[in-house]
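Here is the structure we will look at.
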Amino acid sequence: MATFINDPSHTFNEYLLIPGYSSSECIPANVSLKTPLVKYRKGETPAIMMNIPMVSAIMQSVSGDRLAVALATEGGVSFIYGSQSIEDEAAMVKRAKDYKAGFVKSDSNLSPNATMADVIALKEKTGHSTVAITDDGSSDGKLLGIVTGRDYRPSRMDPATPVTDFMTPFSKLVCAKEGTTLKEANDIIWDNKLNSLPINDENDHLCYMVFRKDYDSHKQNPNELLDRKSKRYIVGAGINTRDYAERVPALVEAGVDVLCIDSSEGFSEWQKRTIEWIRSKYGDSVKVGAGNVVDAAGFRFLADCGADFIKVGIGGGSICITRETKGIGRGQATALIEVCAERDRYFEETGVYIPVCSDGGIVHDHHITLALAMGADFVMLGRYFARFDESPSNKVSIGGTYYKEYWGEGSARARNWQRYDLGGDKKLSFEEGVDSYVPYAGSLKDNVAISLAKVKSTMCNCGALTIPELQEKAVLTLVSATSIVEGGAHDVIQKNKEIKNN
């Protein structure tokens with residue numbers, strides 16, 4: 001006879017937080033959103049602490065190297081998608097790791113054979129007015145000169161004029177050597193009244209450019225998440241349970257900080273084997289998360305396997321149809337509450353704290369706060385990040401409104417059969433995700449700031465200044481369907497809707 005759980009499983013939208021006492025210290029400016037990404041022993045400091053409780057989903061339409069840099073700048077971690085070749089994923093990781101805040105790889109480069117017409121065409125393509133002239137026209141060739149908008153006048157010069165006739169030659173450039181710190185570079189810029197500063201190696205090959213205009217932006221990113229060793233952005237990457245013996249070494253070589261097994265269901269022998277292989281080869285030096293699970297038994301299994309964090313959620317993603325096609329899953333709130341309770345029991349028994357990631361089911365910003373209050377250490381988001389400029393998908397106009405493409409890893413478009421691997425044929429037998437659009441929302445930075453402002457405000461309403469304090473003090477109540485309706489605008493005619501109808 002099957003085991004029946006007669007209590008219904010619940011989603012985030014069925015819960016509300018009840019306000020607690022807020023002291024005069026409970027203001028958003030005093031709230032800390034620091035949270036552990038990987039496991040640690042009682043009394044120790046986690047190897048990786050995030051400054052915000054947000055990571056991006058391991059999806060083709062979400063997590064590329066651009067988003068990895070943008071999210072790390074804000075204090076979170078992106079898990080670059082693994083449903084691509086090992087070489088391509090490793091290259092993405094390396095690009096993100098090689099990116100230095102303030103040190104920009106030049107994307108506007110020409111050879112000395114170029115003309116003013118080439119400069120103008122390149123400016124139209126990149127939008128950048130500073131062009132590096134290198135011996136081979138590459139971003140790391142030997143620097144011969146610099147062209148800026150002040151060096152030529154299209155209205156008075158022949159388009160065929162060689163760049164060597166009007167560029168500022170290397171002999172007259174102010175440059176710095178590789179190894180110069182960002183502070184030193186900015187001091188050189190200000191002391192010499194420059195707009196840009198080339199950073200070259202010992203053979204005068206171009207390494208980076210530092211721009212005056214970026215100075216203020218560096219000051220505006222106090223939460224940027226950097227590794228301890230080389231002060232580079234922390235970057236994550238997804239792996240599967242098939243080619244880990246080849247993929248993991250390549251990602252480690254590229255500099256990845258943390259891995260995560262990308263699977264729709266983590267309570268399996270395949271994940272155990274993957275983690276065991278990583279531990280046998282790298283010990284605890286390589287951090288790897290696992291999942292997804294929806295109950296205490298699943299958490300305990302992956303904890304005993306040695307996972308550094310555990311993801312919770314099956315079938316709750318906006319593009320996931322696993323529950324429809326297979327009848328597998330659980331309401332995200334119920335799953336999260338049970339797993340976090342088991343996490344706490346595991347901590348009491350072993351002294352090892354394993355962070356829990358809530359993956360899926362986040363529809364509104366306040367669901368992030370609910371997930372944290374229910375015990376999650378951080379949340380993984382797909383649809384949320386897919387809307388931004390930095391996601392890898394295309395921006396399209398439909399009926400005059402901009403959208404971003406967004407597709408599931410189980411869709412025919414992604415064909416990520418490894419994510420749904422049950423040890424059988426190497427193919428996607430049926431779809432567990434859809435191909436869709438999401439409303440375009442602009443830059444990651446602006447949207448994350450708004451979302452986290454809401455989280456901090458709600459935490460203050462609960463009298464909490466840290467995530468652990470929120471989890472200790474939070475009082476949650478189930479709400480009825482009528483209460484959900486009551487929580488939105490009702491019994492009024494909203495002005496924007498009235499205007500549209502007219």
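- To the nearest 0.5 Å, the span separating CD1 on I80 from CZ on R66 amounts to 13.0 Å.
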Would D257 and K97 count as a salt bridge (charged side-chain N to carboxylate O under 4.0 Å, His left out) if you check the C-alpha gap in whole Å, the side-chain angles of each, and the deciding distance to 0.1 Å? CA-CA 9 Å; D257 296 281; K97 290 299 294 183; 2.8 Å; yes

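- Panel note: side chain E74, backbone V448; no donor-acceptor pair is recorded below 3.5 Å.
- A heavy-atom distance below 4.5 Å is found between the side chains of H366 and N13.
- Using modelled atom types and a 3.5 Å distance limit, the side chains of S63 and S56 yield a donor-acceptor pair.
- Residue pairs satisfying the salt bridge (charged side-chain N to carboxylate O under 4.0 Å, His left out) criterion with at least one member in residues 270-287, sequence neighbours excluded, are listed as follows: E269-R273, R279-D284, R279-D308.
- Residues M59 and W407 form no side-chain contact, since every pair of their non-hydrogen atoms from C-beta on lies 4.5 Å or further apart.
- With hydrogens and angles disregarded, a donor-acceptor distance shorter than 3.5 Å links the side chain of R330 to the backbone of V294.
- The line from CD1 of I354 to CG of D344 is 11.5 Å long, rounded to the nearest 0.5 Å.
- Put simply, the side chain of I337 reaches to within 4.5 Å of the side chain of Y15, judged on heavy atoms.
- In this structure, Y233 and Y99 have parallel ring planes: the angle between them is below the 30° cut-off, well short of the 60° mark.
- When side chains are defined from C-beta on, Y437 does not count as touching K404, because their heavy atoms never get closer than 4.5 Å.
- In this structure, L478 and H10 have side chains that are in contact, with non-hydrogen atoms separated by less than 4.5 Å.
- The main-chain N or O of E405 is found under 3.5 Å from a side-chain atom of S393 such that the two form a donor-acceptor pair.
- One finds the CD atom of E338 at 10.5 Å from the OG atom of S9 (value rounded to the nearest 0.5 Å).
- Remark: side-chain polar atoms of S457 are not paired, donor with acceptor, to backbone N or O of A453 under 3.5 angstrom.
- For the residue pair S358 and Q332, the shortest heavy atom distance occurs at OG-NE2, 3.0 Å.
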Run the side-chain contact (heavy atoms from CB on, under 4.5 Å) test on K445 and N221 for me, step by step, so that the C-alpha distance in whole Å, both residues' side-chain angles and the decisive distance to 0.1 Å come before the verdict. CA-CA 10 Å; K445 183 180 183 66; N221 300 315; 2.7 Å; yes

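- The pair E342-R345 meets the salt-bridge criterion, with a side-chain N (NZ, NE, NH1 or NH2) lying under 4.0 Å from an Asp/Glu carboxylate O.
- Residue M92 comes nearest to G64 through the heavy atom pair SD-CA, 3.9 Å, listed as atom of the first residue, atom of the second, then distance.
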Using atom types as modelled, flag every donor-acceptor pair under 3.5 Å from a side chain in residues 34-44 to any protein atom, sequence neighbours excluded.
unit_1	atom_1	unit_2	atom_2	d
K34	NZ	N51	OD1	2.5
T35	OG1	D377	O	2.7
K39	NZ	G306	O	3.3

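- Under the 4.0 Å criterion applied to side-chain N and carboxylate O atoms, D98 and R232 are assigned as salt-bridge partners.
- For I275 against C305, the heavy-atom pair with the smallest separation is CG2-O, 3.2 Å.
- A distance-only check finds a donor-acceptor pair linking the side chain of Q471 to the backbone of A376 [under 3.5 Å].
- Residues F12 and H364 form no side-chain contact, since every pair of their non-hydrogen atoms from C-beta on lies 4.5 Å or further apart.
- Between the side chain of R247 and the main chain of E89, no donor-acceptor pair closer than 3.5 Å is present.
- The closest donor-acceptor contact from the side chain of S22 to the backbone of C460 lies under 3.5 Å.
- Distance alone, capped at 3.5 Å, is enough to place a donor-acceptor pair between the D201 side chain and the H205 backbone.
- Taking the six-membered ring where tryptophan is involved, the planes of F388 and Y384 are perpendicular, since the angle between them exceeds 60° and thus also 30°.
- Atom CD of E349 is surrounded by more than 12 heavy atoms from other residues, nucleotides or ligands within 6.0 Å.
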I would like to know whether T241 and Q271 meet side-chain contact (heavy atoms from CB on, under 4.5 Å); could you show each step before the answer? CA-CA 6 Å; T241 58; Q271 295 223 357; 4.2 Å; yes

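- Here L372 contributes atom CG and L336 contributes atom CG; the two are 9.0 Å apart, rounded to the nearest 0.5 Å.
- Evaluated for a side-chain contact (heavy atoms from CB on, under 4.5 Å) with Y403, the options N394, V438, V396 yield exactly one hit, V396.
- A donor-acceptor distance shorter than 3.5 angstrom exists from the side chain of N447 to the backbone of A441, with no hydrogens or angles considered.
- Taking 4.5 Å as the limit, some side-chain heavy atom of L251 sits within range of a side-chain heavy atom of I239.
- By the neighbour-count criterion of 12 heavy atoms within 6.0 Å, atom NZ of K105 is densely surrounded, having more than that number from other residues, nucleotides or ligands.
- Among pairs with a residue in residues 450-474, those fulfilling salt bridge (charged side-chain N to carboxylate O under 4.0 Å, His left out) read D365-K454, E469-K473, at least two apart in sequence or across chains.
- A 4.5 Å side-chain heavy-atom check between Y440 and T401 finds every atom pair outside the cut-off.
- Within a 6.0 Å sphere centred on CD1 of I18, heavy atoms belonging to other residues, nucleotides or ligands number more than 12.
- In terms of heavy atoms, S264 sits closest to N292 at O-CB, 4.2 Å.
- A distance of 9.0 Å separates CE in M209 from CG in N109, rounded to the nearest 0.5 Å.
- Contact detail for M50 and M54: the closest heavy-atom pair is SD-O, 4.1 Å.
- The two residues L67 and V62 make their nearest non-hydrogen contact at CD1-O, 3.6 Å.
- Y406 OH to S436 OG: the interatomic distance, rounded to the nearest 0.5 Å, is 7.0 Å.
- Using the six-membered ring where Trp is involved, W277 and Y282 have ring planes that are perpendicular, over 60° apart on the 30 and 60° scheme.
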